[in-house]
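Right, one structure below, let's go through it.
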2 protein chains.
Amino acid sequence: MDLKQALSLLKKNGYKYTDKRELMLNLFQKEGRYLTAKEILDYMQAKFPGLSFDTVYRNLSLFERLGILEGTEWDGERRYRIHCNKDHHHHMICTDCGKTKLLHICPMNGILGEPDDFEITGHKFEIYGLCAECNGNNKATKSFTSNR
Amino acid sequence: MDLKQALSLLKKNGYKYTDKRELMLNLFQKEGRYLTAKEILDYMQAKFPGLSFDTVYRNLSLFERLGILEGTEWDGERRYRIHCNKDHHHHMICTDCGKTKLLHICPMNGILGEPDDFEITGHKFEIYGLCAECNGNNKATKSFTSNR
DNA sequence: TAGTAAATCGTAACTATTACGTTTTATTAA
DNA sequence: TTAATAAAACGTAATAGTTACGATTTACTA
């Protein structure tokens, strides 16, 4: 998912293209990792000091609904990243910085037939850990690339 | 995990056996499904009107630490169930009532070797859906078995 | 360029969870 | 059996993440 696709998705569904949304999408594009609402707000307030959580959360859920972002949760906090354009995939996730590695395996392939007394609506497979940078306690690598 | 095991685990680690803990463990034992802190509090306040969230949460985290309970999260809420004594397992979970089915497959077996630039610390594989009872919108089945 | 529907602001409310000083209670040992 | 004490629970407040809402601003359209 790149900005052009996101833009046309917004337009197609009758949503407006604002400078806040542009900055937010740019951030996700640039980082390509899972971010928390707080991280997003902090980053965006550098450019838009008055930006509120309402705007961040509203857009996060809109973008997720449109398939621009994909979300998950760990350590009791919801996180989002730009949607990978792959058909169906899972992630290996660094729980420290949110960076991901694509997994090319889906455990659902090993589930033989749906049990007749249970209607499957979804599944989750994620591997958690520490990427090389975070494992080395290199705190500097956790900041936004734009701040380097 | 049954009550006797839980009891000896508490004793062995120097924790007290109180009537609140007994009721709480009984509830998990009897239900055998994922419960939220709120559900637990509601149930227990029938017997102990003054029971506080502090007690519920404190014991939940203690029981999880001791391996008496196992926890997960969905719909933005943390949930716990009595620990299955199986070695390593995953669950198919009814997101409506919290009932589970044991899965005898672990996707980690399909991961060939650990990538050298990522230290794996954990993983999560859960299948979500609706059990037969909840799928039939039979709301009555969602109450505690003790209240039937 | 005016109208309007959506987005944002500023802030409050809500929910889940954690924290803490005080009181009560289970356990241990005299 | 009782006294000592360490843990548990109570009552309540604080915190964190998220959602909600009326008023204002802004992007889009006709």
Side-chain angles (χ1 to χ4, degrees), chain A residues 3 6-27 34-66 68-69 71-80 95 98, chain B residues 3 6-27 34-66 68-69 71-80 95 98:
Chain A
L3 263 99
L7 224 170
S8 79
L9 257 171
L10 280 174
K11 187 143 205 145
K12 196 177 70 179
N13 290 277
Y15 295 103
K16 296 179 179 173
Y17 191 69
T18 68
D19 46 1
K20 275 101 185 176
R21 284 179 176 166
E22 183 182 359
L23 181 63
M24 195 160 153
L25 290 171
N26 258 315
L27 174 63
Y34 279 108
L35 300 171
T36 63
K38 186 70 176 45
E39 282 180 297
I40 298 160
L41 185 74
D42 284 349
Y43 173 83
M44 294 183 68
Q45 281 189 335
K47 190 160 183 184
F48 301 103
L51 198 88
S52 73
F53 262 119
D54 182 276
T55 301
V56 172
Y57 278 112
R58 196 169 12 78
N59 285 325
L60 281 177
S61 74
L62 171 66
F63 292 163
E64 189 180 28
R65 204 155 6 109
L66 293 179
I68 295 171
L69 298 181
T72 189
E73 174 278 334
W74 73 83
D75 285 348
E77 222 169 335
R78 193 131 195 87
R79 292 144 202 267
Y80 298 87
T95 50
Chain B
L3 263 99
L7 223 169
S8 79
L9 257 172
L10 280 174
K11 187 141 204 148
K12 195 175 72 180
N13 291 277
Y15 295 105
K16 296 179 181 174
Y17 191 69
T18 68
D19 47 0
K20 274 102 183 176
R21 284 181 176 167
E22 184 182 358
L23 181 64
M24 196 162 153
L25 290 172
N26 257 314
L27 174 63
Y34 278 109
L35 300 171
T36 64
K38 187 69 174 50
E39 283 179 296
I40 297 160
L41 186 74
D42 284 349
Y43 173 83
M44 293 184 68
Q45 281 188 335
K47 191 161 182 182
F48 300 103
L51 198 89
S52 74
F53 261 120
D54 181 276
T55 301
V56 172
Y57 278 112
R58 194 166 15 77
N59 284 325
L60 281 177
S61 75
L62 172 65
F63 292 164
E64 189 181 28
R65 203 153 9 106
L66 293 178
I68 295 171
L69 298 181
T72 190
E73 176 279 334
W74 71 85
D75 286 348
E77 222 170 334
R78 192 130 195 89
R79 293 146 203 265
Y80 298 88
T95 49

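In this text, all values refer to a predicted model and were calculated from it rather than measured experimentally. Within every chain, numbering begins at 1; the chains are lettered A, B, ... in the order of the sequence lines, protein sequences first and strands thereafter.
- One finds a side-chain N or O of B:Arg21 lying less than 4.0 angstrom from the OP1 or OP2 phosphate oxygen of D:dA8.
- Residues B:Asp19 and A:Thr18 each lie close to DNA chain C; by heavy-atom proximity, the contact nearer the 5' end of the strand is made by A:Thr18.
- Contact between the side-chain N/O atoms of A:Thr55 and the OP1/OP2 oxygens of C:dC9 is found at a separation under 4.0 Å.
- The residue among A:Lys20 and B:Gly50 whose nearest nucleotide of DNA chain D is located toward the 5' end is B:Gly50.
- Closest approach of B:Thr95 to B:Trp74, counting heavy atoms only: O-NE1, 3.4 Å.
- Here the P atom of nucleotide D:dA16 and the CD atom of A:Glu73 are 18 Å apart, to the nearest Å.
- Put simply, CG on A:Leu41 is 15 Å from P on D:dA16, counting in whole angstrom units.
- A salt bridge is absent between B:Glu22 and B:Lys47; no separation between the charged side-chain nitrogens and carboxylate oxygens falls under 4.0 Å.
- Computed from coordinates, the A:Asn13 CG to C:dA6 P distance equals 13 Å when rounded to whole Å.
- A side chain to side chain donor-acceptor pair (under 3.5 Å) with A:Asn59 holds for exactly one of A:Lys20, A:Arg21, A:Glu64; it is A:Arg21.
- Per the geometry, CD belonging to A:Gln45 stands 12 Å off C1' belonging to C:dC9, to the nearest Å.
- One interatomic measurement links the two molecules: CG of A:Leu10 to C1' of C:dT8, which rounds to 15 Å at whole-angstrom precision.
- Among the atoms of the strands shown, only primed sugar atoms or phosphate atoms (P, OP1, OP2) are found under 4.0 Å from some heavy atom of A:Tyr17.
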Pair B:Tyr43-B:Leu35, side chain to side chain contact (heavy atoms under 4.5 Å, CB included): steps then yes or no: CA-CA 11 Å; B:Tyr43 173 83; B:Leu35 300 171; over 6 Å; no

Where protein sits on nucleotides 18-23 of chain C, one letter per nucleotide: B base, S sugar-phosphate only, - none, heavy atoms under 4.0 Å: BBB---

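- The side chain of B:Asn59 approaches D:dA9 more closely than any other nucleotide in the set C:dT17, D:dA8, D:dA9.
- Distance CZ (B:Phe48) to C1' (C:dT25): 12 Å, rounded to an integer number of Å.
- The two residues A:Leu25 and A:Ala6 make their nearest non-hydrogen contact at CD1-CB, 4.0 Å.
- Atom CZ of A:Phe48 and atom CG of A:Asp19 lie 4.0 Å apart (nearest 0.5 Å).
- Nearest heavy atoms, B:Glu73 versus A:Glu73: OE1-OE1, 2.6 Å.
- We find that NZ of B:Lys11 is positioned 15 Å from P of D:dA7, with the value rounded to whole Å.
- Interface remark: the B:Lys16 side chain does form a donor-acceptor pair with the D:dA6 base, using a distance-only criterion of under 3.5 Å.
- If you measure from atom CG of A:Asp75 to atom P of D:dT15, you get 21 Å, rounded to the nearest angstrom.
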